[in-house]
> 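Below is one structure. I have some questions about it.
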Amino acid sequence: FKAGESQGKSMSFFFFSHDSEFIIKTMNEDELKIFLESLPDYYQHVMSNPHSLVARIYGVFKVKMEDIVPVNLLLMANTI
């Protein structure tokens, strides 16, 4: 994976798969909450507009390890 830090307010980290097909983005709890609230509308849009240019989201994960703060991750298609 290649990594990069966001230039935005959230200070999220982005990780790119070796073939640049996928992006993994870290999300704070506020971003996760907003994402989960908007998920039904996102799903409806993607299902109703199969050719939409909106990035495809494949999953949201919470990674927990001993002695480390849990991290929220968003897995999505790279649109570039």
Side-chain angles (χ1 to χ4, degrees):
F1 288 96
K2 301 175 206 165
E5 188 175 342
S6 168
Q7 299 299 312
K9 257 174 125 173
S10 71
M11 300 305 291
S12 297
F13 284 92
F14 292 85
F15 302 91
F16 297 87
S17 62
H18 70 282
D19 60 1
S20 296
E21 188 173 341
F22 302 102
I23 299 172
I24 297 174
K25 176 190 180 294
T26 61
M27 296 191 325
N28 64 38
E29 290 299 321
D30 291 337
E31 289 174 308
L32 178 60
K33 182 180 175 188
I34 291 168
F35 173 77
L36 293 175
E37 289 171 358
S38 63
L39 188 57
D41 291 334
Y42 168 83
Y43 177 78
Q44 185 62 38
H45 173 79
V46 170
M47 295 306 292
S48 299
N49 301 281
H51 301 293
S52 173
L53 298 178
V54 173
R56 297 300 189 257
I57 296 171
Y58 299 121
V60 177
F61 307 91
K62 183 177 291 262
V63 178
K64 297 179 182 181
M65 294 184 286
E66 196 171 313
D67 299 327
I68 297 177
V69 176
V71 177
N72 299 312
L73 301 174
L74 174 76
L75 173 65
M76 63 183 158
N78 189 352
T79 57
I80 297 175

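Keep in mind the model is a prediction, meaning the values are calculated, not measured.
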> Under the salt bridge (charged side-chain N to carboxylate O under 4.0 Å, His left out) rule, collect the residues that match up with K64, sequence neighbours excluded.
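If we apply the salt bridge (charged side-chain N to carboxylate O under 4.0 Å, His left out) test to K64, skipping adjacent residues, there are no hits.
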
> Indicate, with yes or no, if M76 and M47 share a hydrophobic cluster defined by side-chain heavy-atom contacts under 4.5 Å among Ile, Leu, Val, Met, Phe, Trp and Tyr.
no

> List the atom of H51, the atom of R56, and the distance in Å for their closest heavy-atom pair.
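Shortest heavy-atom separation between H51 and R56 comes out as N-NH2, 4.4 Å.
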
> Give the minimum heavy-atom separation between V54 and H45, together with the two atoms involved.
CG2-NE2, 3.7 Å

> What closest approach, in Å, do T79 and L53 show between heavy atoms, and which atom pair accounts for it?
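The answer is CG2-O, 4.3 Å.
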
> Drop me the distance from E37's CD to L32's CG, to the nearest 0.5 angstrom.
10.0 Å

> What heavy-atom pair brings Y42 and I57 nearest, and what distance separates the two atoms?
OH-N, 2.8 Å

> List, by chain and then residue number, the residues other than V69 in its hydrophobic cluster (Ile/Leu/Val/Met/Phe/Trp/Tyr, side-chain heavy atoms under 4.5 Å); write none if there are no others.
none

> State which residue, out of K62, K33, K25, fulfils the side chain to side chain donor-acceptor pair (under 3.5 Å) condition with N72.
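For N72, the side chain to side chain donor-acceptor pair (under 3.5 Å) check succeeds only for K62.
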
> Mind checking the CZ-CG spacing from F14 to L74? Nearest 0.5 Å is all I need.
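Reported value, rounded in 0.5 Å steps: 9.0 Å.
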
> Which atom names give the shortest non-hydrogen contact between E31 and T26, and what distance separates them?
OE1-O, 4.1 Å

> Hydrophobic clusters here meaning ILVMFWY residues chained together by side-chain heavy-atom distances under 4.5 Å, can you tell me if L36 and Y43 are in one?
no

> Tell me whether the rings of F22 and Y58 are parallel (<30°), tilted (30 to 60°) or perpendicular (>60°).
perpendicular

> Might you point out which heavy atoms bring N78 and S20 nearest each other, and give the distance in Å?
ND2-O, 2.9 Å

